[in-house]
Protein chains: 2
Amino acid sequence: MPPRPSQRITIKDLARELGMSVATVARAFHPEADIAVATREAVLRLARERGYQPDALARSMITGRTGIVGVLVADLHNPFYPQALALLTAALQAAGFNTMLVVAEPGGTVDAAIRLLLSYRPEYAVVLATDLTTEATATCSAAGVPLLFFNRVPDAPDARGVVCDNQGGAAALAAHMIAGGMRRPGFIGGLEGTSTHRERRDGFIGHCTAGGLTVREEPGGAFTYAGGQDAARRLLRGPDRPDGLFCAGDIMALGALDTARHEFGLRVPEDLAIAGFDDIPMAAWPAHDLSTVRQPLEAMVEKTLAWVRGRPAAGAEAGCILRLPGQLMERGTTRPVPSLPFKEICR
Amino acid sequence: MPPRPSQRITIKDLARELGMSVATVARAFHPEADIAVATREAVLRLARERGYQPDALARSMITGRTGIVGVLVADLHNPFYPQALALLTAALQAAGFNTMLVVAEPGGTVDAAIRLLLSYRPEYAVVLATDLTTEATATCSAAGVPLLFFNRVPDAPDARGVVCDNQGGAAALAAHMIAGGMRRPGFIGGLEGTSTHRERRDGFIGHCTAGGLTVREEPGGAFTYAGGQDAARRLLRGPDRPDGLFCAGDIMALGALDTARHEFGLRVPEDLAIAGFDDIPMAAWPAHDLSTVRQPLEAMVEKTLAWVRGRPAAGAEAGCILRLPGQLMERGTTRPVPSLPFKEICR
DNA sequence: TTGTTGACTGAGAACGTTCTCGGGATTGGC
DNA sequence: GCCAATCCCGAGAACGTTCTCAGTCAACAA
């Protein structure tokens, strides 16, 4: 067979051709190294000419820095996560990091995938929307890879991460819906045991209870459209159905909304107000026009990136959860608040 | 400062502790190597005990195989791509590959990100929904990294990839809509110059023209919800508006659908039939119930994986585009075909 | 001329694996 | 008791970089 045409060209090839040592050639690529300008120019010129690309693997071996950030993500089916993933990855690669993606499908072999990831010595692992098993967490810490949680945080006291102020956002939404006339609130929960479920639940129910209202509660299972549909069916078919519904996530809220309209023939928001959390793109679509709380994605990504960049100075082993405020998005599925005179009522 | 607590443990550490050579220890991890069973067990036991993880970087250096597959993806905002990405990544990691994600935001520095990716010597680069610049393509081939296109293919004759049979699917949709009574077809295009746009356009318009119908055509810009909205506005406000609308992508079709209903007050499908392409999850939601063509995602991923796995035998440098048939999904936004007696008419 | 500095360069180890090669036990046949 | 075969193991090179350390050479001062 013919010789491989595109054999990767190394620093050694450049050195041979230039009659220099590998050390000198290597120096040319490091701005802070002292090397004669003429030498550097000659090296860089030939490198460009030959299309030389430094080998990140070899570099990583000796520097100990791989530039790899692992990103673990569960259900990409919830549109919130692709959004977050796109932003996070773009930010990482702009900062010179490469993201290694691991999807943790419910039935899949997450632990094997994590071990595979860890073998590449990532500098950080960002956990998007996954509750890691304690075993996986232990594996990471044993490998010396710090974990960073995004949007959802575990119970562990030493966990670090950045999340939305779920409780505050849900409470604000409750206030808004109560002001709009809600008297019989209902809540559709998300995945039991997740921080997003718990905090949003506490925020909404806490505020309603403080206002003297009792909340009917219905588990929604995972954060899925179908989960929202099912929970809405159970909640709406009784005699004393709610007149306001808060769902722990937009994707569930959309399921509930469509079910209320198309299966129960309810008018939203006249018969039933509905709101979600996250502000996924579909929430703003005219077909839904869903009231919700927008997560501060850009800010969350920014904070995450700051953490990743500051790795060398990561003396802070202690846990720290950053909570950033969300933004109430009052749209067409909740009744406008009548007390504000200048507010646009009809939409 | 105290010594790093979790210093990564290497094969050398195991060898020292066991009083064996590194070669022997290394052999224990390769099933095909000949080594005494007792020795292997001893090694594996200690490895498990110490939590040893082989270093993929070092391994890759000498084997030349990194196990890394680069995945380039443009707009994750189109829900089709997260879906494809999740499936593809899951399949890759089940096969022992790690996916490195590169997002190619329109305004971003794609070329820099690609160079960054290439420095890790990926074995393959799967291009999801991106038209690479010729420069980027050249960079990849210079680095000896084969490209594989997914869902969208470039014009180059030596390109390899797997796509849906866009033309056939669009033609089938045209036939279905004509059978449902469409007489004034309209077409909303996607991103000009992409294969998905061109092939779907050709399939739909070709079939309509062959049937004696003339098609009003409207560019939709990128494959976005807003693009579908805008194009629909332009198309629907005239006097002789279409009675059937095919959009080059579901996400645009949903924009057009919502615009037709909420801005023009049209009944779908009575006044206007609408269909898309891709079958994204939202298409099946009751609020939209969009007729469309389902892409054979699982099969496409499977074919892609087969290509990636077969890398050593990749003597086939010649271009090859695999076209897999899609599936017509007749839903509520197109008029049912009356000629079929047993077909369920009302839905 | 000699020492001293400063600017630059080269040799070689190191990173953690895999792979090749050769050699030492152990066994079996005679 | 000898030879060959088999089985297992160790030494060392290799992969492509970076980093440390020692050197060379010119310029300059004494």
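None of these values were measured; they are calculated from a predicted model.
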Please classify the nucleic acid contact of [X] as base, sugar-phosphate, or nothing, using heavy-atom distances under 4.0 Å.
X	answer
Y52(A)	sugar-phosphate
T39(B)	sugar-phosphate
R121(B)	sugar-phosphate
D55(A)	sugar-phosphate

Return the minimal non-hydrogen interatomic distance between [X] and [Y], and the atom names on each side.
X	Y	result
A47(B)	L14(B)	CB-CD1, 4.1 Å
C140(A)	L147(A)	SG-CD2, 4.0 Å
E135(A)	D111(A)	OE1-OD2, 3.4 Å

Item to check | Evaluation steps, side-chain contact (heavy atoms from CB on, under 4.5 Å), between V162(B) and L324(B) | outcome: CA-CA 8 Å; V162(B) 46; L324(B) 303 169; 3.8 Å; yes

Next on the checklist: I want to confirm an ordering. Mapping A36(B) and I9(A) to their closest nucleotides on DNA chain D, which one lands closer to the 5' end?
Outcome noted: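 Mapping each residue to its closest nucleotide by heavy atoms, the 5'-most match is A36(B).
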
Next on the checklist: Taking the nucleotide of DNA chain D with the nearest heavy atom to each, does I62(A) or A58(B) sit closer to the 5' end?
Outcome noted: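 Of the two residues, A58(B) wins.
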
Checklist entry - To the nearest Å, how far apart are K12(A) NZ and dG10(C) P? => result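 Atom-to-atom, K12(A) to dG10(C), this comes out as 16 Å.
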
Item to check | Of residues 16-26 of chain A, the positions that come close to DNA chain D - non-hydrogen atoms, cut-off under 4.0 Å | outcome: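 Hits under 4.0 Å, by residue number: A23(A), A26(A).
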
Item to check | chain A footprint on DNA chain D, 5' to 3' - any atom under 4.0 Å from a heavy atom | outcome: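 It runs dC15(D) to dC19(D).
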
Next on the checklist: Is the shortest side-chain heavy-atom distance between R152(B) and S195(B) below 4.5 Å?
Outcome noted: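 When only atoms from C-beta onward are counted, S195(B) and R152(B) do touch, with a gap below 4.5 Å.
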
Checklist entry - Are any non-hydrogen side-chain atoms of R121(B) and I68(B) less than 4.5 angstrom apart? => result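 Heavy-atom side-chain distance check fails, nothing below 4.5 Å.
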
Polar-atom pairs under 3.5 Å, protein N or O versus N or O of nucleotides 21-25 of chain C: list them with distances, or write none.
none

Checklist entry - For E302(A), which residues count as a salt bridge (charged side-chain N to carboxylate O under 4.0 Å, His left out) partner, sequence neighbours excluded? => result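 By the salt bridge (charged side-chain N to carboxylate O under 4.0 Å, His left out) rule, E302(A) matches no residue at all.
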
Which pairs of donor and acceptor atoms, one on a side chain in residues 77-89 of chain A, lie under 3.5 Å apart (sequence neighbours left out)?
{"residue": "N78(A)", "atom": "OD1", "partner": "F80(A)", "partner atom": "N", "Å": "3.2"}
{"residue": "Y81(A)", "atom": "OH", "partner": "N151(A)", "partner atom": "ND2", "Å": "2.7"}
{"residue": "T89(A)", "atom": "OG1", "partner": "L85(A)", "partner atom": "O", "Å": "2.8"}

Next on the checklist: Can you see whether T134(A) engages T137(A) through a side-chain donor-acceptor pair at a distance of less than 3.5 angstrom?
Outcome noted: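 Side chains of T134(A) and T137(A): no pair found under 3.5 Å.
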
Next on the checklist: Using a 3.5 Å distance criterion without hydrogens, assess whether the side chain of T63(B) forms a donor-acceptor pair with backbone atoms of R59(B).
Outcome noted: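 Checking the backbone N and O of R59(B) against the side chain of T63(B), a donor-acceptor pair under 3.5 Å is found.
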
Item to check | Pairs touching residues 24-67 of chain B that satisfy ring pair (Phe, Tyr, Trp, His ring centres under 6.0 Å), sequence neighbours left out | outcome: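 Counting only pairs at least two positions apart or across chains, the ring pair (Phe, Tyr, Trp, His ring centres under 6.0 Å) contacts touching residues 24-67 of chain B are F29(B)-Y52(B).
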
